[in-house]
Amino acid sequence: MEKNKSFKYYSQEPESPHPWNAEFGISNASDRRYAFSRQPSFKQSMRDPQMPSFSNGSSKPFLSRNVSSIDIPPGFYSFDHSKEGNLDAKGSADKFSVFDSVFWVFRVMRTGNRQMKRLLIMISLNVAYSTAELAIGVFTGRIGLVSDAFHLTFGCGLLTFSLFAMAASRRKSDSVYTYGYQRLEVLSAFTNALFLLFLSFSLAVEALHAFIQDESEHKHYLIVSAVTNLLVNLMGVWFFRNYARVNLVYRKPEDMNYHSVCLHVLADSVRSAGLILASWFLSLGVNNAEVLCLGLVSVAVFMLVMPLFKASGGVLLQMAPPNISSSALAKCWWQIKSHEDVIEVSQARFWELVPGHVVGSLSLQVKKEMDDRRILEYVHNLYHELGIHDLTVQTDYA
């Protein structure tokens, strides 16, 4: 990985012992708040037409501070001029048309990638099958078919949310969601994992109920339903077979969402296979076959889903990034603390925004006569080696 030493450098207070030079384009400022992150080049970013332009001869500072607030001039954010349809007719930065957003999502679904189209096929097949099963169950009075139809319908709702997350995560960041919409895929994966854990619990309760009631007669009319459901879900497993591993390494947010979809259809397939095996064992005269099969299916679903539940929940709870060891973070902390210009290091926080994107913040207390840029560049290079994508550093003079 090539080491890039460019970083963003912002400050706000008017009197600083180390004013900015002409290379940065601003002078007489320093609020001891500095933010820097990897980017292609500082000069290149200054040529970006969406970035605000600075001039050395400007008498008015870019950020003007009054007693109670900081006034940010209009047009500072690039998305203020966005024409993606996410703002209302009056141009408000905090409101957008729900109709336009839904229409945009459906347009992305129609022109989406292969995985999105495959998931749309899966949802269509499951909706058609659950509708037919519900109609047959209502007209014939089979409660088991009606219950299974509602289970499939709820599962289709979760898969639809996964498809929506795949499409909506492509939206660019705006004034409301400044980090973008990629965490929708993590939320979708967590929702699927939570549903599958509930499925595992319900199968365990059903197995316990069958053991207590000593039921030895299986409902054979559910076999046709189980076989059909197994064939539909095996198609989904084939579609998402690249994400069928249990401990999958998530390099991008879509990897977590695709993995949750694969585990969803895989768990439904295991459930259908368990019902078929239970019916076959009962026909052979095996006692408590239903209890044994449902218990094994419950344990298998739990073991499949628990790693995904922990990973997606850890991202949503902003836990420390699992791909960076705590010892490596502690080593960087001690290296910064032992620097000759640093007095104290505090509030070191690091988390995953989405899989593959690590964010961090740090607070430093430094000597008064030190060069701010030198220590910022030193800290940036340390965490750059660990894979920290966005790092914000706040410095205070002793």
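Because the structure is predicted, anything quoted here is derived from the model rather than measured. Values below: all heavy atoms of this structure, side chains included; hydrogens, waters and symmetry mates excluded.
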If the test is side chain to side chain contact (heavy atoms under 4.5 Å, CB included), which one of Asn257, Leu316, Thr191 qualifies with Val186?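 Going through the options one by one, the only one that passes is Leu316.
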Between the side chains of [X] and [Y], does any donor sit under 3.5 Å from an acceptor?
X      : Y      : answer
Thr178 : Ser173 : no
Ser200 : Ser298 : yes
Ser272 : Asn233 : no

Please check if the distance between the ring centroids of Tyr179 and His357 is under 6.0 Å.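 Ring-ring flag for Tyr179/His357: false, centres at least 6.0 Å apart.
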For Phe201 and Phe302, I'd like to know if the aromatic rings sit close, meaning centre-to-centre distance below 6.0 Å.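 No, the ring of Phe201 stays outside the 6.0 Å limit from the ring of Phe302, centre to centre.
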Give me each pair satisfying salt bridge (Lys or Arg N to Asp or Glu O under 4.0 Å) with a member in residues 314-341, each pair once, sequence neighbours excluded.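 Of all non-adjacent pairs touching residues 314-341, those that pass salt bridge (Lys or Arg N to Asp or Glu O under 4.0 Å) are Asp341-Arg374.
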Just list the side-chain donor-acceptor pairs under 3.5 Å for residues 124-131, sequence neighbours left out, or say none.
residue: Ser124; atom: OG; partner: Leu120; partner atom: O; Å: 2.9
residue: Asn126; atom: ND2; partner: Met122; partner atom: O; Å: 2.8
residue: Tyr129; atom: OH; partner: Ser225; partner atom: O; Å: 2.7
residue: Tyr129; atom: OH; partner: Ser225; partner atom: OG; Å: 2.7
residue: Ser130; atom: OG; partner: Asn126; partner atom: O; Å: 2.9
residue: Ser130; atom: OG; partner: Val127; partner atom: O; Å: 3.0
residue: Thr131; atom: OG1; partner: Val127; partner atom: O; Å: 2.7

Are the charged groups of Asp148 and Arg271 less than 4.0 angstrom apart, N to O?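 Result for this pair is yes, salt bridge flagged.
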[X] side chain near [Y] side chain, heavy-atom distance below 4.5 Å:
X      : Y      : value
Arg183 : Val315 : yes
Thr160 : Phe164 : no
Asp396 : Glu344 : no

Is it the case that more than 12 heavy atoms not belonging to Tyr378 sit under 6.0 Å from its OH atom?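 More than 12 within 6.0 Å, yes.
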Could you pull out all donor-acceptor pairs under 3.5 Å where a side-chain atom in residues 234-241 meets a protein atom, sequence neighbours excluded?
residue: Arg241; atom: NH1; partner: Trp238; partner atom: O; Å: 2.7

Out of curiosity, does Leu152 fall in the hydrophobic cluster containing Leu159 (side-chain heavy atoms, cut-off under 4.5 Å, transitive links)?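 Different clusters: Leu159 never reaches Leu152 through Ile, Leu, Val, Met, Phe, Trp or Tyr contacts under 4.5 Å.
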